[in-house]
Amino acid sequence: MSRTEQLTHAKGAEGKKRGRWLALSVLVLAVLLVAVDATVLGLATPALSEDLKPSGTQLLWIGDIYSFVIAGLLVSMGSLGDRIGRKKLLLVGATAFGAVSVLNAYATSPEMMIIARALLGVAGATLMPSTLALIRNIFHDPKERSLAIGIWGATASAGAAVGPVVGGALLQHFWWGSVFLINLPVMIVLVIVGIKLLPESKNPVAGPWDLFSVALSLVGIIGVVYAVKQVATHGMGWEVWVAAVIGAGALYTFVRRQFALTSPLLDMRLFKHRGFSGAVLADLLTVFGLSGLVFFLSQFLQLVQGRDPLEAGLAELPAAIGAVVTGLVAGKYARKYGVRGIVTGGLAAIGIALAALTVIHKETGYPLLGAALLVVGLGAGFSFTVTADVILSSVPKEQAGSASAVSETAYELGAALGIALLGSVVTGVYQGFTAPASVSGPVADAAHESLGGAVEAAKSLDPQTAEQMVGAAQVAFVDGLRLASGVGAAVLLATAVAAWFLLKGQELQEGIEH
């Protein structure tokens, strides 16, 4: 090879390498879009409650319907991306996500807000599997891919930090709907730049998209999660049994159908890989333990400790900072100290931090809260980044969309179940508080729906009675939050033990793929 040819080859290789990282910058914008939306809702909940006046049940639905729908569709959308092209699905989904964000911003009733959140879940289901699948296909060097996944995860964490801070600043000056409109500029940049920079990839032999399997997965997951939510909130009833039977039956039929199809929506043989199954289970239970707590933490900071929205957003920064720091180095340390050691250590750290939150009260100083959030972030950065790497590395790159979808489904399903069950723990304890005897029935009923409802209802009372009622409501809310933290800690510590056994012998790849 001549000197000129060598220089040309070197420039071409450098250009391809630069192109990979530029493409990654577009993918992380999509992650940012979803992460900002998820965290902003919790911060906007008090203002949204005051304006739309949802019941306690409606408030939980507003919080978790997005996760229910996205969990039900992720496998289907991941498989669709494998078939029609991940770039195409990502750009169409991003456009829809931006458009539906406007609908969320201008919702005028709890029912409209629930529908808007559900539609946002449909759009969101196209984004996350596509981003991880494209990373799997763009980065063939496992060490580069680990770093790319770390950046991907760190961006999600940064979005979780940016969302509350930007959202808090907006809530200081504008109405609650403005927090959803911040999705629009990100979506516009993503689509314009993504058209030019992102490479297209798909499975060349994926086969047809089975619509019956799509319906089965959606009905199955939503049915089962709805039943769990209703049991946690209202106890057993005939509608719970109906939802549970229909959901379980749909999922059973879905699994049987996947084994029978020559081109399944989800290749169930992926779960025979112990590392794959262990990583998926770790993700699901970790998010379950975290999500209910995170959903109510913004309300604690604002409605119990009296912080304004911006201050509450800044108070949650340590978790995101910790996750960014460890996410960027997780792959390196997993190769040095072993996958199961890093994942187990990360999960145990989160569990210990949640256990520390079981002693919080209204006057708890920020050092305890900040330290616990930092440790949660450090642990999550290690565990989530490494498990995502394990999941992607366990499958051929042609199935990257389906594998990514399984990973994201575990994440979203864990979030939905966490908000439903741990949120119901908080709500159940909260609703047991005793209002002052002089408070009338309708006012007392409104106060028992949610802490935001109690603060709003107190405005119609004389100052002394209002202070007594809000004080009692705050104590009950904190009691519920402590109990939920304890349950979350137990789940995380048990998951750490399970991960130690399930991830035994698991290692991240070293050699470059061809």
Side-chain angles (χ1 to χ4, degrees), residues 39 42 157 160 232 278 281-301 304-305 312 315-323 325-327 330 340-387 410-411 414-415 417-430 451 474-503:
T39 55
S157 300
L281 181 64
D283 280 357
L284 189 151
L285 293 178
T286 302
V287 179
F288 172 88
L290 280 173
S291 58
L293 174 72
V294 171
F295 182 72
F296 284 97
L297 189 59
S298 290
Q299 295 180 61
F300 170 78
L301 292 170
V304 176
Q305 293 203 324
E316 295 176 24
L317 272 177
I321 293 171
V325 170
T326 52
R340 77 169 181 171
I342 294 299
V343 174
T344 299
L347 297 176
I350 301 171
I352 292 169
L354 292 183
L357 293 179
T358 60
V359 300
I360 63 171
H361 49 83
K362 182 178 179 179
E363 288 79 24
T364 295
Y366 184 71
L368 173 62
L369 290 172
L373 287 169
L374 179 62
V375 174
V376 164
L378 292 171
F382 274 130
S383 59
F384 283 135
T385 303
V386 176
T387 53
Y411 188 97
L417 289 171
I419 291 174
L421 294 179
L422 298 184
S424 297
V425 168
V426 176
T427 302
V429 173
Y430 169 78
L451 182 56
Q474 289 173 335
V475 169
F477 182 86
V478 174
D479 287 343
L481 191 57
R482 284 204 300 260
L483 180 58
S485 298
V487 174
V491 170
L492 263 298
L493 293 173
T495 304
V497 174
W500 179 258
F501 292 102
L502 289 172
L503 296 177

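A search for ring pair (Phe, Tyr, Trp, His ring centres under 6.0 Å) contacts involving Y430 returns F433, not counting sequence neighbours. Under the rule for a side-chain contact (heavy atoms from CB on, under 4.5 Å), the partners of F501 that lie at least two apart in sequence or sit in another chain are V497. Contacts of L378 classified as side-chain contact (heavy atoms from CB on, under 4.5 Å), with partners at least two apart in sequence or in another chain: T326, L374. Under the side-chain contact (heavy atoms from CB on, under 4.5 Å) criterion, L301 pairs with L297, Q305, R307, A312, A315, E316, L369, not counting sequence neighbours. Under the side-chain hydrogen bond (donor to acceptor under 3.5 Å, both in side chains) criterion, T387 pairs with D283, sequence neighbours left out.
When all heavy atoms are compared, the tightest approach of P318 to G370 is CB-O, 3.6 Å. Nearest heavy atoms, A499 versus V343: CB-CG1, 4.2 Å. Of all heavy-atom pairs between A484 and V426, the closest is CB-CG2, 3.7 Å.
Within the 4.5 Å cutoff, side-chain heavy atoms of L368 are placed close to those of V359.
Within the structure, ring pair (Phe, Tyr, Trp, His ring centres under 6.0 Å) contacts touching residues 353-382 (residues at least two apart or in different chains) do not occur. Applying the salt bridge (Lys or Arg N to Asp or Glu O under 4.0 Å) test to every pair with at least one member in residues 475-488, sequence neighbours left out, gives these pairs: D479-R482. Residue pairs satisfying the ring pair (Phe, Tyr, Trp, His ring centres under 6.0 Å) criterion with at least one member in residues 477-500, sequence neighbours excluded, are listed as follows: F296-F477. Counting only residues at least two apart or in different chains, salt bridge (Lys or Arg N to Asp or Glu O under 4.0 Å) contacts with residues 357-369 are absent.
The distance from atom OG1 of T364 to atom CZ of F300, rounded to the nearest 0.5 Å, is 5.5 Å. With values rounded to the nearest 0.5 angstrom, T495 atom OG1 is found 6.5 Å from L281 atom CG.
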Please list, one pair per line, the donor and acceptor atoms closer than 3.5 Å that link side chains of residues 345-355 to other protein atoms, with sequence neighbours excluded.
none

